[in-house]
Every structure is written in structure tokens, then in C-alpha cells.
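In this text the structure is predicted, and so the values were computed from the model without any measurement.
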Amino acid sequence: MAEMYIRVAEEENEEPMEIPSEDDGTVLLSTVAAQFPGACGLRYRSPVSQCMRGVRLVEGVLHAPENGWGNLVYVVNYPKGRKMDEIDASSATKIKRGDQKTSDLIVLGLPWKTTEQDLKDYFNTFGEVIMVQVKRDVKTGNSKGFGFVRFAEWEAQGKVMSQRHMIDGRWCDCKLPNSKQGPDEPMRSRKVFVGRCTEDITADELRQFFMQYGEVTDVFIPKPFRAFAFVTFADDQVAASLCGEDLIIKGVSVHISNAEPKHNNTRQMMERAGRFGNGIWLKPEHIISSALFQSSSALFQSKPFKTSLHQNLFCS
């Protein structure tokens with residue numbers, strides 16, 4: 001009798017593995033457990049009722065449904081309430097592949113000349129690479145200065161993330177994209193600081209220039225002119241890839257760097273300005289700018305303001 005296989009998977013939507021059956025058409029639970037440690041049974045979705053049904057298990061032997069095993073995908077059952085920390089590390093990798101699945105890693109700071117083959121050749125030294133991509137502008141085809149890589153093995157991914165990489169003569173960083181970072185990891189800003197600007201560079205010209213790297217949502221040039229500007233992208237990865245670059249705009253070399261979050265600068269200024277007349281120190285949240293004091297002297301003499309100030313000073 002020709003050997004027959006049934007399709008088994010840990011989860012209903014995962015790629016199944018073929019498990020051999022015995023000569024009599026049954027499947028040994030030990031055969032399933034050899035590939036899925038800790039397995040205690042199988043279940044499948046009925047084509048008729050669309051409900052999950054359990055496979056009959058008698059003394060360690062799994063018996064086919066009434067119409068045979070067919071081409072259905074059988075899902076592994078595990079003991080109820082079983083925890084990962086109750087299983088040794090080698091079994092845990094097989095039982096919960098989701099916990100050890102590799103992710104797409106973003107590679108920041110790529111030289112413009114780097115190709116996907118260059119990336120693959122470099123990262124193959126760490127382990128099997130199953131995907132590489134250099135992000136390019138849809139219209140021009142030019143590199144945006146970042147890309148993605150994915151490894152077959154979790155160990156290779158961890159090793160790559162633990163160090164910086166010299167690719168085509170430039171240091172690059174490899175990390176998880178923001179969407180896959182933990183809750184304690186800060187989100188990168190979508191805004192960049194453009195230094196060394198000249199007065200003849202307009203907001204529209206900045207927008208047109210930076211659109212080659214990605215979608216631009218805002219351009220801000222302070223007035224009066226202060227030799228810098230801010231550019232905001234729709235994608236924070238684009239902003240991160242440009243930081244540290246010196247770019248030529250209208251024949252002028254401008255420097256791109258991180259735009260620090262506004263609340264950080266504001267708080268520092270408030271703390272430095274925390275001393276409020278007569279030796280009294282205020283909390284940052286109680287400080288009102290000197291410009292407001294100067295322009296609103298009438299307000300400060302009013303009874304509601306004095307009451308509020310008294311509460312801030314002595315009741316907080």
C-alpha cells in the first residue's frame with residue numbers, strides 16, 4: 001500500500017506540514033508529536049457545518065473522519081492552559097513559531113548607489129536572506145537611502161540588529177520598523193531640520209526638492225528668516241534616512257539633522273525661565289511668557305488673575 005500523508009498545521013492559516021499515516025490509514029499521535037512537541041490531538045473544520053471538529057483518538061491512535069482524511073488541513077491541539085515557560089527552549093521554538101518568526105528589518109543610511117544585490121551579498125554573511133528591497137522613488141527610480149531585509153533564522157536577525165554595518169563605505173543601522181517596536185521605544189520624528197539655508201530658497205523649492213525622497217506633508221521657513229527650515233514627511237523612515245546628509249539645493253550645501261520634539265525644547269526654556277520675580281520659583285506649567293506679561297498688563301491687575309496666581313504659587 002502506498003504511503004499516505006495528511007496535512008497538519010499549528011494554526012488554521014499557517015502553511016501545513018505533511019505527516020505520514022500508518023498502513024491501516026490511522027495516524028499515530030506520537031508521529032504528530034514528533035513534529036509538534038506537546039501535541040495531544042487534532043481538529044479540523046467541517047466542510048459542511050464550517051465548525052471545528054475533533055479527530056477521534058483511541059490509545060494514542062488518531063482515526064480518520066468518516067469520509068477519510070481527504071485534503072483537509074488538520075490543526076494541532078495542545079493541552080489547555082499550557083504555558084511557554086513550562087516547555088524547554090528547543091520545543092518552544094517549534095510549538096510557538098510565531099514568537100520566533102523573523103521580521104522585515106529596515107536598513108537606514110544606505111548609500112544611493114547600493115543595489116538589492118549588494119544588500120543581499122552583504123547580509124548573506126550573517127545567515128540566509130529570504131528578502132531584500134531598496135526603496136526607490138516611483139518616478140525617478142532613485143534610491144531613497146533606506147531598504148529592508150529579512151532573514152530565515154531568528155538568530156541571524158538578532159545578530160544583525162546588535163551592531164552597525166559598513167555597506168559600500170558608509171555606516172548603516174539595521175532595526176525593526178516603528179510599527180514593530182515595543183511600547184517603550186520612542187517613535188522617530190517625521191520632521192527634519194534643514195540648516196544653512198539661504199534667503200532665496202523658497203518653501204515651494206524645498207518641497208519640490210525633498211519630494212524626490214518621499215511624500216512631503218509640510219515645509220516651514222521661519223519669519224523673520226533665520227537660515228534654517230523644517231520639512232515634514234509622511235513616512236518617518238524617509239526622515240530618518242536623510243538625517244546626517246549634506247545636500248545641494250540651488251547650489252547651496254544644506255545639512256539635514258533631527259528636528260527635536262517641540263515639547264522638549266519648550267520645557268527646557270521654561271525651566272531656565274523658572275525664576276519669577278522676588279525670588280519665587282514656579283513650576284514649568286505655571287510659567288507665562290514675558291511677552292504675554294508685557295502685552296497684558298491690564299489683565300495682571302485683574303482680580304481673577306491675582307487669584308489664579310495666588311493658587312499657583314501657594315496652593316500647588
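Atom CZ of Phe36 and atom CG of Leu42 lie 9.0 Å apart (nearest 0.5 Å). For the atom pair CG of Asp200 and CD of Glu205, the computed distance is 7.0 Å after rounding to the nearest 0.5 Å. Separation of atoms CG (Leu62) and CZ (Arg56) is listed at 10.0 Å; rounding is to 0.5 Å. Expressed to the nearest 0.5 Å, how far CE of Met161 lies from CG of Leu105 amounts to 6.0 Å. Interatomic distance, CG of Leu108 versus NZ of Lys175, reported as 6.0 Å (0.5 Å rounding). The CD atom of Glu245 lies 8.5 Å from the CD1 atom of Ile256; values are rounded to the nearest 0.5 Å.
Between Phe228 and Phe230, the ring planes lie perpendicular to each other; the angle is over 60°, past the 30° to 60° tilted range.
Dense packing is recorded around NZ of Lys144, with more than 12 heavy atoms of other residues, nucleotides or ligands lying under 6.0 Å away. With a 6.0 Å radius and a threshold of 12 heavy atoms from other residues, nucleotides or ligands, Arg226 has its CZ atom at or below the threshold. Dense packing is recorded around CD of Gln163, with more than 12 heavy atoms of other residues, nucleotides or ligands lying under 6.0 Å away. More than 12 heavy atoms of other residues, nucleotides or ligands lie within 6.0 Å of NZ in Lys250, so this atom counts as buried by the packing criterion.
In the hydrophobic clustering of ILVMFWY residues, with side-chain heavy atoms under 4.5 Å counting as a link, Val8 and Val75 come out apart. Transitive grouping of hydrophobic side chains (ILVMFWY, heavy atoms separated by less than 4.5 Å) keeps Trp171 and Leu119 in distinct clusters. Tyr5 and Leu29 are members of different hydrophobic clusters when ILVMFWY side chains are connected at heavy-atom separations under 4.5 Å. Residue Val107 is grouped with residue Leu176 when hydrophobic side chains (ILVMFWY) are merged at heavy-atom distances under 4.5 angstrom, including chains of intermediate members. Placement of Met4 and Leu72 within a single hydrophobic cluster is found when ILVMFWY residues are connected by side-chain heavy-atom separations under 4.5 Å, directly or transitively.
Within the structure, side-chain hydrogen bond (donor to acceptor under 3.5 Å, both in side chains) pairs that include any residue of residues 210-225 do not occur (at least two apart or interchain).
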Exercise for the section: For side chain to side chain contact (heavy atoms under 4.5 Å, CB included), just list the numbers for Val27 and Trp69, CA-CA rounded to whole Å, side-chain angles, deciding distance to a tenth of an Å, and then say yes or no. Expected result: CA-CA 10 Å; Val27 174; Trp69 294 109; 3.6 Å; yes

Practice task
Mind running side chain to side chain contact (heavy atoms under 4.5 Å, CB included) on Leu247 and Phe209 for me, showing each step along the way?
Solution key: CA-CA 10 Å; Leu247 305 175; Phe209 178 84; 3.8 Å; yes

Handout entry: Test side chain to side chain contact (heavy atoms under 4.5 Å, CB included) applied to Phe146 and Ile106, step by step
Key = CA-CA 7 Å; Phe146 69 97; Ile106 185 168; 3.8 Å; yes

Exercise for the section: Give the intermediate values and the outcome of side chain to side chain contact (heavy atoms under 4.5 Å, CB included) for residues Phe220 and Thr232. Expected result: CA-CA 9 Å; Phe220 174 72; Thr232 305; over 6 Å; no

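With 3.5 Å as the limit, one finds no donor-acceptor pair spanning the side chains of Asp204 and Gln208. No hydrogens or angles considered: a donor-acceptor pair under 3.5 Å links the side chains of Asp24 and Thr26.
With Glu116 contributing its side chain and Val134 its backbone, the two residues share a donor-acceptor pair below 3.5 Å. With Arg190 contributing its side chain and Ala239 its backbone, the two residues share no donor-acceptor pair below 3.5 Å. Looking only at distances, a side-chain donor or acceptor of Arg207 sits under 3.5 Å from a matching main-chain atom of Val216. At least one donor-acceptor pair closer than 3.5 Å links the side chain of Arg45 to the backbone N or O of Gln50.
The side-chain heavy atoms of Glu10 and Tyr78, taken from C-beta on, include a pair separated by under 4.5 Å. The side-chain heavy atoms of Asp246 and Arg196, taken from C-beta on, include a pair separated by under 4.5 Å. Proximity of Val192 to Cys243: side-chain heavy atoms (C-beta onward) are separated by under 4.5 Å at one or more points. Between Cys174 and His165 there is a side-chain heavy-atom pair separated by less than 4.5 Å. Considering only heavy atoms from C-beta on, Glu12 stays 4.5 Å or farther from Val73 through its side chain. At a threshold of 4.5 Å between non-hydrogen side-chain atoms, the residues Phe151 and Lys159 do not count as touching. A heavy-atom distance below 4.5 Å is found between the side chains of Val194 and Phe210. Residues Ser143 and Thr114 form no side-chain contact, since every pair of their non-hydrogen atoms from C-beta on lies 4.5 Å or further apart.
Across Leu206 and Ala229, no two heavy atoms sit closer than the pair CD1-CB, 3.7 Å. Minimum heavy-atom separation, Cys40 to Leu57: O-CD2, 3.6 Å. Contact between Arg7 and Asn71 at its shortest, heavy atoms only, is NH2-O, 3.0 Å. Cys172 and Gly109 get closest at one heavy-atom pair: SG-O, 3.4 Å. Residues Gly145 and Ser241 share a closest heavy-atom pair of O-CB, 3.8 Å. Between Pro16 and Ala9, the closest heavy-atom pair is CA-CB, 3.9 Å.
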